Amino acid sequence: MGKTQYLISLFFIVINLKIYSQSFKRIDNSIVSTTALDNEIKRLKKSGNVHGLTVSIVTKDSILFQKAYGSRNLKEKQPLKTSHNFYAASLCKPLFAFIVMKLVDEGKIDLDKPLIEYLENPIYSYEFQRDYENYKDLKTDKRYKKITARMCLSHTTGFPNWRYIGKSGIDMKRPLEIEFEPGTFYNYSGEGIQLLQFVVEHITEKGLEELALEYVFQPLEMNMTSFLWQEKFDSNYAVGHYKKRKTLKRRKRNVEYAAGSMDTTPEDYAKFIQTMLAQKGLSKNAYNEFFKPQILIESKQQFGKNRLIKTSENNDIQLSYALGFGTYKTPYGKAIFKEGHIQGWEHYTVFYPSQNLGIVIMSNSSNGESVFKELVEISMGDKWMPWYWENFIPYDKKKY
């Protein structure tokens, strides 16, 4: 080894020692060392049999901890990195909400103006490439005229998550229905996000990817993030894993969907959460509205049959939905969160504005959520996360 190579190697050894000898304060002001945290994450990954996991802990202006564990591709024995591209699933929804809030700041959209007032024709008259994306089914239900951007971002449109998913399975011909009076009940809905995307693109005469590049990706230097598959992802993506050792073929999306077509890296998405903590890019009033609870969540769980069962179980933490994010209260300030979930991919982010602290957990494993409860407790000191409502059932709890 030459002198130059030796010095470079020594430099990185010193840097790594410095990183893993550091400590940081959790939301309750207790101290956790990054070395201890690293060991705990390894324990959780092993105990939960999680194939791949990344953890990024940030403040508004620094990375406190960022590391990948496990496999990029288990079958090919490739290690995972925080620079690898992940399918973001629903982590893209708050990023879309940020774009909408930019448009609110610019006076291009009003959160409380019915969306139909931005269109020249009735919503049911527009043609779409795919039949299951049109709004012809709403022609006889005039309640659609009440739906606003605020309702779409707070999941109170009354729509189901997706029209084609029912109790009996998937039926692409199932009609779109309004299940609740718009604005009255929280019910997570990708349909509502897609409706708002359609209206936003109509207002701006720009596609979602163009808006995202202008308002988010380029300003934040999220260079490996896109709502459309990019050639540069071909040599950099992680695969999703499910069951014991099975891998999933990556879907390379060529149509942008605000509700779920984005690919990103843990490093890129951490930049977005840092921006949220710093409250940059929007006016103070816009951020106040962005993070403000819009509706109390009364469902027993977010998805499945329990989404329709009302409960007051989470009233003590005031579990609510803001605009694009969920929110709950801890004794140490407000927590703002978002999850992402689809077979092979399970993610969670939560940040605490008053504590200037946040975490991004991204997993390319269908059992990643089984360690989220304990991981958030260990790393953030947060024992109030609504894990049962999220269905983040711990790996060591077969029944609840």
Side-chain angles (χ1 to χ4, degrees), residues 16 37-57 65-92 165 169-170 222-255 257 259-270 303 339-349 359-376 379 390-398:
N16 285 332
L37 178 60
D38 182 47
N39 290 333
E40 285 294 291
I41 296 171
K42 289 175 182 176
R43 176 186 64 80
L44 285 171
K45 179 194 171 298
K46 182 178 180 180
S47 298
N49 192 29
V50 178
H51 303 308
L53 180 71
T54 71
V55 179
S56 304
I57 298 174
F65 183 92
Q66 190 166 68
K67 192 173 179 181
Y69 303 81
S71 301
R72 171 190 181 184
N73 187 327
L74 190 62
K75 286 185 177 180
E76 297 182 11
K77 297 181 179 179
Q78 296 173 330
L80 186 63
K81 298 178 181 179
T82 57
S83 58
H84 282 142
N85 275 87
F86 283 54
Y87 173 54
S90 288
L91 287 187
C92 63
I165 300 177
I170 294 177
M222 295 173 67
N223 300 320
M224 292 298 285
T225 303
S226 176
F227 280 96
L228 298 169
W229 187 264
Q230 305 293 325
E231 286 186 12
K232 60 186 176 182
F233 298 165
D234 283 330
S235 59
N236 192 63
Y237 68 86
V239 301
H241 300 85
Y242 70 108
K243 295 186 177 179
K244 288 188 177 180
R245 299 184 67 85
K246 293 187 178 182
T247 57
L248 292 161
K249 186 177 180 181
R250 280 298 294 271
R251 183 178 175 185
K252 300 179 180 181
R253 292 166 174 80
N254 58 10
V255 178
Y257 289 101
S261 72
M262 192 175 83
D263 280 87
T264 190
T265 69
E267 292 175 4
D268 269 7
Y269 204 81
F303 298 112
E339 65 291 298
H341 176 107
I342 197 171
Q343 188 180 49
W345 305 95
E346 296 184 348
H347 316 310
Y348 188 71
T349 184
I359 186 171
V360 177
I361 308 168
M362 300 188 72
S363 175
N364 59 330
S365 179
S366 278
N367 56 357
E369 290 170 353
S370 70
V371 303
F372 287 3
K373 173 184 180 290
E374 193 171 351
L375 179 51
V376 169
S379 58
E390 290 277 20
N391 201 34
F392 291 172
I393 308 301
Y395 62 89
D396 58 352
K397 292 181 183 290
K398 293 183 180 180

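The first residue in the sequence is number 1, and the count goes up from there. Predicted model only: the values in this text are computed from it and were never measured.
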Taking side chain to side chain contact (heavy atoms under 4.5 Å, CB included) as the test, write out the residues that go with [X], two or more places apart.
X: Ser71; answer: Leu74
X: Lys246; answer: Tyr242, Lys243
X: Glu76; answer: Asn73, Gln78
X: Arg253; answer: Tyr87, Arg251, Ser261

With sequence neighbours excluded, give me every side chain to side chain donor-acceptor pair (under 3.5 Å) pair touching residues 45-54.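 Counting only pairs at least two positions apart or across chains, no side chain to side chain donor-acceptor pair (under 3.5 Å) contact touches residues 45-54.
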All side chain to side chain donor-acceptor pair (under 3.5 Å) counterparts of [X], not counting sequence neighbours:
X: Glu267; value: Thr82
X: Ser366; value: none
X: Ser370; value: none
X: Lys252; value: Asp234

Under the side chain to side chain contact (heavy atoms under 4.5 Å, CB included) rule, what do Met224 and Lys232 come out as? Steps first, then yes or no, please. CA-CA 8 Å; Met224 292 298 285; Lys232 60 186 176 182; 3.8 Å; yes
Identified side-chain contact (heavy atoms from CB on, under 4.5 Å) partner of Ser363 from the options Val55, Val371, Leu53: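 When side-chain contact (heavy atoms from CB on, under 4.5 Å) is applied between Ser363 and each of Val55, Val371, Leu53, only Leu53 qualifies.
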Q) Under a 4.5 Å cut-off applied to non-hydrogen side-chain atoms, are Val50 and Leu44 in contact? A) no
Glu390 and Tyr348, any side-chain heavy atoms less than 4.5 Å apart:
yes
| Residues Asp38, Tyr69; criterion side chain to side chain contact (heavy atoms under 4.5 Å, CB included); working and verdict | CA-CA 10 Å; Asp38 182 47; Tyr69 303 81; 2.7 Å; yes
What heavy-atom pair brings [X] and [Y] nearest, and what distance separates the two atoms?
X: Leu248; Y: Gly344; result: CD1-CA, 3.5 Å
X: Leu228; Y: Gln230; result: O-NE2, 3.2 Å
X: Pro79; Y: His84; result: O-CE1, 3.4 Å

Lys75/Val239 under side chain to side chain contact (heavy atoms under 4.5 Å, CB included): CA gap, chis, key distance, verdict:
CA-CA 10 Å; Lys75 286 185 177 180; Val239 301; over 6 Å; no
(message) Apply side chain to side chain contact (heavy atoms under 4.5 Å, CB included) to residues Phe372 and Ile361 and explain how you reach the verdict.
(response) CA-CA 8 Å; Phe372 287 3; Ile361 308 168; 3.4 Å; yes
Across all chains, not counting sequence neighbours, the ring pair (Phe, Tyr, Trp, His ring centres under 6.0 Å) partners of His347 are none
Across all chains, not counting sequence neighbours, the ring pair (Phe, Tyr, Trp, His ring centres under 6.0 Å) partners of Tyr237 are Trp229
| query | Taking the six-membered ring where the residue is Trp, are the ring centres of Tyr269 and Phe86 under 6.0 Å apart? | reply | no
In Å and rounded to the nearest 0.5 Å, what is the OG to CG distance from Ser83 to Leu80?
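If we round to the nearest 0.5 Å, Ser83:OG and Leu80:CG are 8.5 Å apart.
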Quick note, salt bridge (charged side-chain N to carboxylate O under 4.0 Å, His left out) partners involving residues 361-376, not counting sequence neighbours, are Arg43-Glu374, Lys373-Glu377
